[in-house]
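On a predicted model such as this, the values are computed, not experimentally measured, just so you know.
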Amino acid sequence: MEQTEHKQEILDRRYMRMAQIWAENSYCQRRQVGALIVKNKMIISDGYNGTPAGFENVCEDEHGLTKPYVLHAEANAITKIARSSNSSEGATMYVTASPCIECAKLIIQAGIKRVVYAEKYRLEDGLELLKRSGIEVIYLNPENE
């Protein structure tokens with residue numbers, strides 16, 4: 001492995017660990033997901049799955065199903081960027097679960113150029129869309145630590 005590739009993998013693993021810790025902020029019972037947006041080795045945004053601001057921190061209904069208005073970690077991180085003076089153009093997103101198709105669309109529109117994810121989701125249409133748009137997609141198996 002080339003020196004710069006090795007350094008990048010070390011950074012990728014470090015930021016992924018941070019995203020996993022950030023996921024612990026989620027109140028969701030079914031799955032806690034964390035996301036970081038990194039540009040020039042700086043975390044410019046973060047997010048975790050949860051309800052919109054001002055809503056009660058309960059993600060599931062009485063049947064254990066996720067409420068339809070729960071935001072994904074990627075959407076929270078991207079919308080946080082929109083409210084700041086930062087730009088996600090050319091950034092890397094670290095997310096603990098592979099993006100769904102809705103989040104993939106947001107990632108593309110946000111100008112993010114790299115997505116590093118840890119957990120494979122059963123549907124891969126989000127990953128396929130990212131690849132089709134030219135975004136570098138990297139699976140980082142957390143078991144290989």
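- Shown here for I81 and S45, the closest heavy-atom pair between the two residues is CG1-CB, 3.5 Å.
- With sequence neighbours excluded, the residues forming a side-chain contact (heavy atoms from CB on, under 4.5 Å) with N57 are Y27, T51, listed by chain and number.
- In terms of the side-chain hydrogen bond (donor to acceptor under 3.5 Å, both in side chains) criterion, K120 has no residue partners (sequence neighbours excluded).
- Residues G126 and A104 share a closest heavy-atom pair of O-CB, 3.4 Å.
- A heavy-atom distance below 4.5 Å is not found between the side chains of Y139 and V137.
- Using a 4.5 Å cut-off between side-chain heavy atoms of Ile, Leu, Val, Met, Phe, Trp and Tyr, with links allowed through other members, I37 and Y117 fall into the same hydrophobic cluster.
- A distance of 9.0 Å separates CD in E9 from CD in E5, rounded to the nearest 0.5 Å.
- Take E62 and apply the side-chain contact (heavy atoms from CB on, under 4.5 Å) test, not counting sequence neighbours, and it matches no residue.
- Residues passing the salt bridge (Lys or Arg N to Asp or Glu O under 4.0 Å) test with E24, sequence neighbours excluded: none.
- Within 6.0 Å of the CD atom in E128, the count of heavy atoms belonging to other residues, nucleotides or ligands exceeds 12.
- In this structure, OG1 in T79 is found 12.5 Å from NE2 in H72, a value given to the nearest 0.5 Å.
- With sequence neighbours excluded, the residues that form a side-chain contact (heavy atoms from CB on, under 4.5 Å) with E136 are R114, I138.
- Taking a 4.5 Å side-chain heavy-atom cut-off between Ile, Leu, Val, Met, Phe, Trp and Tyr, the cluster of V70 contains only that residue.
- Note on I135: it does not cluster hydrophobically with Y94, by side-chain heavy-atom contacts below 4.5 Å among ILVMFWY residues.
- Side-chain atoms of K41 and L11, non-hydrogen and from C-beta on, do get closer than 4.5 Å to each other.
- Contact record, I44 with K39: CD1-CB, 4.0 Å, taken as the closest heavy-atom pair.
- Under a hydrophobic-cluster definition in which Ile, Leu, Val, Met, Phe, Trp and Tyr are linked whenever side-chain heavy atoms come within less than 4.5 Å, directly or via other members, M18 and Y48 are assigned to different clusters.
- In terms of the side-chain hydrogen bond (donor to acceptor under 3.5 Å, both in side chains) criterion, residue partners of D46 (sequence neighbours excluded) are, by chain and number, W22, K80.
- With contacts defined as side-chain heavy-atom distances shorter than 4.5 Å, the pair E119/T96 does not qualify.
- A 4.5 Å side-chain heavy-atom check between T92 and Y15 finds every atom pair outside the cut-off.
- Expressed to the nearest 0.5 Å, how far CG of N49 lies from CG of N25 amounts to 10.5 Å.
- Shown here are the side-chain hydrogen bond (donor to acceptor under 3.5 Å, both in side chains) partners of E89, two or more places apart in sequence or in another chain: there are none.
- In this structure, P99 and L130 have side chains that are in contact, with non-hydrogen atoms separated by less than 4.5 Å.
- Closest of all the heavy-atom pairs between A77 and M93 is CB-CE, 4.4 Å.
- Transitive grouping of hydrophobic side chains (ILVMFWY, heavy atoms separated by less than 4.5 Å) keeps I112 and V38 in distinct clusters.
- A pairwise comparison of heavy atoms in L36 and A19 identifies CD1-N, 3.8 Å as the closest pair.
- Side-chain atoms of D61 come within 3.5 Å of backbone N or O of H63 as a donor-acceptor pair.
- In plain terms, the two heavy atoms of E60 and Q29 that are nearest each other are OE2-N, 2.8 Å.
- Rounding to the nearest 0.5 angstrom, the gap separating the OG atom in S133 from the NZ atom in K113 is 7.0 Å.
- For Q8, the side-chain hydrogen bond (donor to acceptor under 3.5 Å, both in side chains) partners are D12, not counting sequence neighbours.
- Take C100 and apply the disulfide bond (SG atoms under 2.5 Å apart) test, not counting sequence neighbours, and it matches no residue.
- L71 and L106 are members of different hydrophobic clusters when ILVMFWY side chains are connected at heavy-atom separations under 4.5 Å.
- The hydrophobic cluster around Y121 extends to L123, counting ILVMFWY residues whose side-chain heavy atoms fall within less than 4.5 Å of a member.
- Remark: Q32 pairs with A23, S26 by the side-chain contact (heavy atoms from CB on, under 4.5 Å) rule, at least two apart or across chains.
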